[in-house]
Amino acid sequence: MRKLAGHFKDWYSRGTTTFEGPDALTTERYNSRDAEPRWQKYWSDNHCFEAVEDTSRPKYYVLEMFPYPSGRIHMGHVRNYAMGDVIARFKRACGFNVLHPMGWDAFGMPAENAAIERGVHPKTWTYENIAAMRGQLKSMGLSLDWSREIATCDPSYYRHEQAMFIDFMNAGLVERKVSLVNWDPVDQTVLANEQVIDGKGWRSGAIVEKRELAQWFLKITDYSEDLLKALDRLEKWPEKVRLMQRNWIGRSEGMRFSFVLEDAGGRELPGKLTVYTTRHDTIFGASFCAISVDHELSTEYSAHDEKLAAFRREVSALGTSEETIERAEKKGHALGIYARHPFKPGVKLPVYTANFVLIGYGEGAIFGCPAHDQRDIEFARKYGLPVIPVVAPQGVDAAAFEVGDEAYLDKDGSDARLINSDFLNGMSVADAKEEIATRMEAMGIGERKVNFRLRDWGVSRQRYWGCPVPVIHCPSCKIVTVPKSQLPVTLPEDVTFDKPGNPLAHHPTWKNVKCPQCGGDATRETDTFDTFIDSSWYYARFCSPKADVPVDAEAARYWMPVDQYIGGVEHAILHLLYSRFFARAMGKTDHMHWDEPFASLFTQGMVVHETFKTPSGDWVFPADAVQTDGQWFHAKTNEPLTIGGIEKMSKSKRNVVDPESIIAGYGADTARWFMLSDSPPERDIEWTEAGAEGAWRFTQRLWRIVNDASACGRDGSIAEFGPVAMELRRVAHRTLAAVTDDLSSLRFNRAIARVHELSNALGAALAAGSPAPDLSFVIREAADILVLVFAPMMPHLAEECWVKLGHRQPVVETPWPTPISALITDDEVTIAVQVNGKRRDEIKLPKGLAKDQVEIAVMKLEGIKRALEGKSVMKFIVVPDRIVNIVSGG
RNA sequence: GCGGGCGUGGCGUAAUGGUAGCCGCAACGGACUUAAAAUCCGUUGGGAGAAAUCCCGUGAGGGUUCGAGUCCCUCCGCCCGCACCA
């Protein structure tokens, strides 16, 4: 029987045994439980990682996305922080003045959920979690500057957020407007999208309603163009993230224009219907108009149309999530009014309220051209509306061209031409757009308009555990900001969660205040900020975490921008976009002058794990899964288990592995090593017990190799190295060069493969026994290199090894070595020789040999002669020092 | 639905458009041991062959190229984001 987690107890009981071989060479096992706390204390006592501004040295700011204090760290954190730590330690060794801070994204809903479910105060819950997680992170041996630790729920942090919000208000970056929220009518509370499940509130089960609420917005759309354009400059960001942000901002060039409306009898109605489109070229294919259920016309008509009102209720029960809205079947309800086609006299388009038209985009109204839009055609087929193709590939017969259930979308650069479109016939899409725009502008019914998909950032949350909005509502003075001298507006602590809704809204002494302007009775704003605000500037606060302004200018000038930012792809859009905006807003209000906070971004993959299920479908913790004869069983109930998919570690699927027990058992170095090995960092990594054990065995192997090497002499007077010694030297220096390169480009998995290679070469040299003085010297040199190159990944083991090798300074104070260039270059290269693209032989040649010389040598090869037998050489391709390809025929 | 990504041996993976499979895991064989563990050495994509060697092979199909895992198109599968989760 093999038990998954927990069996490292075995090794620990073995951990103190010594090996007493006949040759009296005794090596104690490396004991991480002893070494790791010891070195952590050393680093801490000597303030090794506390950053101090020093303009005489180049700085390097490495930051991992700070964690939400959920209570325990998970493997995703281990992976994230291990990566950041490798970079921090590597850059440090390379001579940079490194800033590597840590903090807590400490406001948010889970704290309130804990309060509701278990009666713990959110503050107590949060700070206890922080304490627990701080301890766990410290046990990882991260080179963090803990003296700069911040928590966003601390008034010393959020007071600056409040001050900046007031400055943003004064700078015109804040707006108060009405927007839609998910309302739970039973719990009397606003729900997050994730709390709406199948249109129902997660706790109450009540049908969710959409409700209009006055909310605070930050005007991120003021920067739409700039946020888009500046993406081009972010060359060290992954292209996919830049693309996602581009699409999110969604700049489009189109037209806004108005239809004249008429009733069923053909009588013109007052008011016009304004739509936005990017496909004005398809106007002759229009067969209906559709407006959002939240459009003012929908509201107006539903007053005396009960069916329409019912339809709107149905749609609003879907909630506010764009995903659910767009996934829903396309449905609509005819208003009974019509839009007059601007170019087709007498043609009228029925106006529908439709569930797929979004109020937040464009005008909340569209014209539908089913032939060339997938959503429109689904709608048209459902309601029997005409489908008129108006764009077709060039040369296609207009009369015969038909569109089925799939819209015809002309691709960029296609040669599509307009058909069935009167004066547009024969034009390209671009020309047709131009023509329509010109005509509509001349007719005075519309204008060209650049539109963005990006919406303003709604920052109001009707919740307790967040930063209070520093505003007071006064019946006479209206909205008054809290004077800066009275900041911070702190959260009251005497709150309970037994009543539905926001505790701030029914806290009389906190809520009721005097107006700072007129002194009359007034009330505090009871909304708190979106926690994305907290995380939109924490990177800047780390520069001067104790300053009495949000950001100390001098410190920011030195440390900003973040040179390397690391976190999950799930933040590719919102957090990163909000941070980019916030930096600009802070620039406008003179708090910081650095528009792009993250010079280089790396998005790491998730940690995934096998899942286990019982016959009744319950998820089982991997720790409870036991394998006997290839079949898995539950350790306690003995039920047979089936292996589910390999999925992101999550509590609900119970496929979590607790880092604390892994670190306690195998040690932090092993956990770090495994998280960095095998998978490339941007890809998902699967946690496997076998892999962790492999990593653990490798730490022991390194320890053994270093111990054996430390017994070798280090005679510095070697005049000449023999071939065996030279070969090991080459391997060592090549490894050093390769690891330097791999770490610089964050390819940790490759660096680890190279460390394995060097340890294999060293192991082989040591296994041969009694090395001659030249080899002995090289073994010591190679061992030093080995330790220094794995040090960023396994810092505790490295320190321990370094002492063993007789060094007096710790690794942490030892500079990164430089490879000897003569040892990493070769004067001979092995070249593959292909015939018609297939490898037939290979040849060793001096580097840089001329093409005709290569040809002569290659034609003598047996394999080539054989392959070319009876054939003529048509072409001879030589890629210098890489490959030869002979094209033959006949 | 829209947007983005990924897909290579039994498994995790490596490979500036240039010898597909470095390195690791697992498995198997061997050494050491009374034995086991640990450790060390070796083998390991599929097929044919005594061997030399040959054929096939990077999710499927097509294309560009002297040459494609890599670039382009279509399809399939899986994953991430979608504005109040963080």
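Scope of the values below: all heavy atoms of this structure, side chains included, with no hydrogens, waters or symmetry mates. Lettering follows sequence order; numbering is per chain, from 1.
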In whole Å, I'd like the distance from the [atom1] atom of [X] to the [atom2] atom of [N].
X	N	atom1	atom2	value
A:Asn247	B:G81	CG	P	17 Å
A:Glu323	B:A83	CD	P	8 Å
A:Lys240	B:C82	NZ	P	15 Å
A:Met606	B:C80	CE	C1'	7 Å

Would you please confirm or rule out a distance under 4.0 Å between OP1 or OP2 of [N] and any side-chain N or O of [X]?
X	N	result
A:Arg701	B:C40	yes
A:Asn836	B:G67	no
A:Asn749	B:A14	yes

When rounded to the nearest Å, what value does the distance between [atom1] atoms of [N] and [M] take?
N	M	atom1	answer
B:C25	B:A14	C1'	15 Å
B:A26	B:U44	C1'	11 Å
B:G10	B:U58	P	13 Å
B:G47	B:G57	P	15 Å
B:C75	B:G24	P	41 Å
B:G7	B:U70	C1'	14 Å
B:A31	B:G21	C1'	29 Å

Looking for any heavy atom pair under 4.0 Å, which part of the strands does [X] touch: base, sugar-phosphate only, or nothing?
X	result
A:Asp105	sugar-phosphate
A:Val569	nothing
A:Gln462	base
A:Ile877	base
A:Ser677	nothing
A:Val181	base
A:Arg463	base
A:Arg840	sugar-phosphate
A:Pro67	nothing
A:Gly863	nothing
A:Trp248	base
A:Leu454	base
A:Lys838	sugar-phosphate
A:His575	nothing

query = Under a cut-off of 3.5 Å for both distances of each Watson-Crick or G-U pair, what dot-bracket string does RNA chain B give, using [ ] for crossing pairs and | for inter-strand pairs?
reply = (((((((..(((.....[....))).(((((.......))))).((((....))))..(((((..]....))))))))))))....

Residues that [X] engages under side-chain contact (heavy atoms from CB on, under 4.5 Å), provided they are two or more places apart:
X	answer
A:Ile325	A:Leu358
A:Ala764	none
A:Asp187	A:Asp184, A:Thr189, A:Arg203, A:Ser204
A:Asn760	A:Arg701

query = For RNA chain B, whose closest nucleotide is more 5', that of A:Glu194 or that of A:Ala767?
reply =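 That would be A:Ala767.
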
5'-most by nearest nucleotide on RNA chain B - A:Glu326 or A:Ala764 =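 Here A:Glu326 is the residue nearer the 5' end.
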
Any side-chain donor paired with an acceptor under 3.5 Å for [X] and [Y]?
X	Y	answer
A:Asp530	A:Trp457	yes
A:Thr221	A:Ser224	no
A:Arg580	A:Gln245	yes

key: Candidate nucleotides B:C84, B:A83, B:U19, ranked by approach to the side chain of A:Ile883 - the nearest   =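 Nearest nucleotide to the side chain: B:U19.
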
Geometric class of the A:Tyr81/A:His77 ring pair [parallel <30°, tilted 30-60°, perpendicular >60°] =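 Plane angle under 30°, so parallel.
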
key: Any pair counted as side-chain hydrogen bond (donor to acceptor under 3.5 Å, both in side chains), so long as it reaches residues 874-884 of chain A, sequence neighbours left out   =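 Those involving residues 874-884 of chain A do not exist here.
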
B/S/- contact track for nucleotides 21-27 of chain B, protein heavy atom under 4.0 Å = -BSSSS-

request  = Can you sort out the partners of A:Lys200 under salt bridge (charged side-chain N to carboxylate O under 4.0 Å, His left out), two or more places apart, ordered by chain and number?
outcome  =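 Once residues adjacent in sequence are excluded, A:Lys200 has no partner under the salt bridge (charged side-chain N to carboxylate O under 4.0 Å, His left out) criterion.
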
request  = Apply ring pair (Phe, Tyr, Trp, His ring centres under 6.0 Å) to A:Trp183 and list each qualifying residue two or more places apart in sequence or on a separate chain.
outcome  =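 A:Trp183 satisfies ring pair (Phe, Tyr, Trp, His ring centres under 6.0 Å) with no residue once adjacent residues are dropped.
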
query = Partners of A:Phe356 by ring pair (Phe, Tyr, Trp, His ring centres under 6.0 Å), sequence neighbours excluded?
reply =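 Once residues adjacent in sequence are excluded, the partners of A:Phe356 under the ring pair (Phe, Tyr, Trp, His ring centres under 6.0 Å) criterion are A:Phe379.
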
message = Are A:Phe674 and A:Trp696 an aromatic pair, judged by ring center distance below 6.0 Å?
response =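 Ring-ring flag for A:Trp696/A:Phe674: false, centres at least 6.0 Å apart.
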
message = Is the distance from the ring center of A:Phe66 to that of A:Tyr538 below 6.0 Å?
response =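 Close enough - the centres of the two rings lie under 6.0 Å apart.
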
ask   = Taking NZ, NE, NH1 and NH2 as the nitrogens, is one of them in A:Glu378 or A:Arg381 under 4.0 Å from a carboxylate oxygen of the other?
value =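 Here A:Glu378 does not pair with A:Arg381 in a salt bridge, since their nearest N and O are not under 4.0 Å apart.
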
task = Measure the spacing between CZ of A:Arg754 and CZ of A:Arg734 and express it to the nearest 0.5 Å.
result =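 Those atoms lie 12.0 Å apart.
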
Please list, for nucleotides 7-10 of chain B, all pairs of protein and nucleotide N/O atoms separated by less than 3.5 Å.
none

query = Is the glycosidic angle of B:G9 within 90° of 0, making it syn, or outside that range, making it anti?
reply =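 Judged by the O4'-C1' to base torsion, B:G9 sits in syn, the angle falling within 90° of 0.
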
ask   = In this structure, are over 12 heavy atoms from other groups packed under 6.0 Å from A:Lys331 atom NZ?
value =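 Not buried by this count: 12 neighbours or fewer within 6.0 Å.
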
query = Listed in order of residue number, which residues of residues 526-534 of chain A have a non-hydrogen atom at under 4.0 Å from RNA chain B?
reply =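 The answer is A:Thr531, A:Phe532.
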
